[in-house]
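Side chains included, hydrogens not; waters and symmetry mates left out as well; all remaining heavy atoms used.
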Amino acid sequence: HRALSSRPVYTLQSLATFHIAPTPKHGGPYNSITTLPDGAFAPYFTPDGKTIFFWSIDPVPDGIFSVPTGGGIPTQLQTGCSSDPNCLGDDNPAVSPNGRELLAVRVLGPIDAQGCPAFVGIYRFRIDGPHTQQISANGSPCVVDVEPPWSPGRPRLIFPYQDGTGLSS
C-alpha cells in the first residue's frame, strides 16, 4: 500500500545506491528525484500524492526525509533521534491516512556482541513537529518490528514482528 496517488513509485539501483523515481501508473519515462550519496529507501506517498517520505542512511543516524513528487531538495524530518545518543536511526516511514502523522521503525543501541540492537520498535511522529510517541513495547534484542502500515480510514495500526522464536504476527 505504498502508492496512494495515480503515480507509483519505485526504488531503483544506480551505482550501488538507491534513488526514488516516480513514474506514470501505466509505465513510461521516469526521472530520479533523489540523489543522496547513500541512497533513499522505502518510499511512501502522502494521501494527496504531492509528497514522498523515505529514509536514508545519510546522515547518521538514519533519517526520514520528504521530497515533492515533482522533485526538489529532500528535507529531513526532525524526529528527535539525533538528540538521543543511543538512537541509530528511524527507517521505513508510513504516512497516516490524513497525511499528518508518520509511523517509523526506530533502532536504539548499543549493538551487542551478536550484532543486535538493544531495541527496534515502532514510533509515531507528527509531520509538522518533533512530537514522538513509542507505539510498540520494548522487545528483547534482535526482535524486529518492520514496515508499520496504517489501516485506511480507521484509527488502527498493524505491523509484523518477530517474537524471538522466529514466528511473526
Side-chain angles (χ1 to χ4, degrees), residues 1-5 9 11 17-20 22 32-112 115-152 154-162:
H1 194 247
R2 291 267 186 235
L4 297 176
S5 82
V9 87
T11 303
T17 62
F18 289 82
H19 301 286
I20 297 172
S32 178
I33 61 171
T34 60
T35 57
L36 294 169
D38 291 312
F41 308 93
Y44 207 105
F45 276 104
T46 54
D48 64 9
K50 294 179 180 178
T51 305
I52 298 170
F53 283 88
F54 62 93
W55 69 274
S56 179
I57 58 176
D58 179 47
V60 175
D62 298 353
I64 295 176
F65 293 79
S66 67
V67 66
T69 56
I73 298 171
T75 303
Q76 187 170 5
L77 184 69
Q78 299 304 311
T79 64
C81 182
S82 60
S83 63
D84 180 348
N86 291 320
C87 189
L88 302 175
D90 294 319
D91 305 335
N92 294 317
V95 181
S96 67
N98 66 14
R100 292 187 293 229
E101 296 179 292
L102 288 175
L103 295 178
V105 175
R106 176 161 286 182
V107 181
L108 298 174
I111 303 294
D112 67 18
C116 299
F119 172 78
V120 178
I122 307 302
Y123 275 64
R124 182 177 182 170
F125 310 99
R126 286 197 345 227
I127 290 173
D128 64 353
H131 175 27
T132 303
Q133 177 186 10
Q134 182 178 330
I135 299 295
S136 63
N138 189 2
S140 60
C142 283
V143 174
V144 179
D145 293 323
V146 294
E147 299 179 10
W150 294 82
S151 173
R154 296 183 184 261
R156 291 185 176 179
L157 312 173
I158 188 168
F159 55 90
Y161 69 95
Q162 188 173 17

Undergrad: Is the shortest side-chain heavy-atom distance between Pro47 and Val95 below 4.5 Å?
TA: yes
Undergrad: So, taking the atom named CD in Gln133 and the one named CG in Leu103, what distance separates them when rounded to the nearest 0.5 Å?
TA: 9.5 Å
Undergrad: Should Ser32 and Thr34 count as side-chain neighbours, where that means a heavy-atom distance under 4.5 Å?
TA: yes
Undergrad: So Ile122 and Val105, do their side chains get closer than 4.5 Å, heavy atoms only?
TA: yes
Undergrad: When the ring planes of Phe54 and Phe65 are compared, do they come out parallel, tilted or perpendicular, using 30° and 60° as the limits?
TA: parallel
Undergrad: Would a 4.5 Å heavy-atom cut-off, applied to side chains only, mark Ile20 and Val67 as touching?
TA: no
Undergrad: Measure the CD1-CD1 distance between Ile52 and Ile33 for me, rounded to the nearest 0.5 Å.
TA: 4.0 Å
Undergrad: So, do Leu102 and Phe53 sit near enough that their side-chain heavy atoms are less than 4.5 Å apart?
TA: yes
Undergrad: With side chain to side chain contact (heavy atoms under 4.5 Å, CB included) as the test, would you mind laying out the steps for Thr69 and Phe45 before giving the verdict?
TA: CA-CA 8 Å; Thr69 56; Phe45 276 104; 3.2 Å; yes
Undergrad: Decide yes or no for Phe125 and Asp90: does some side-chain heavy atom of the first lie under 4.5 Å from some side-chain heavy atom of the second?
TA: yes
Undergrad: Look up atom CG in Asp128 and atom CD in Gln78, then write down how far apart they are to the nearest 0.5 Å.
TA: 13.0 Å
Undergrad: How far does OG of Ser66 sit from NZ of Lys50, to the nearest 0.5 angstrom?
TA: 14.0 Å
Undergrad: Looking only at heavy atoms, which two atoms of Leu108 and Cys87 are closest? And how far apart?
TA: CD2-CA, 3.5 Å
Undergrad: Distance from Asp91 atom CG to Trp55 atom CH2, nearest 0.5 Å?
TA: 4.0 Å
Undergrad: When rounded to the nearest 0.5 angstrom, what distance separates CG in Asn86 from CD1 in Ile111?
TA: 10.5 Å
Undergrad: Report yes if the side chains of Ile127 and Thr51 come closer than 4.5 Å at any heavy-atom pair, otherwise no.
TA: no
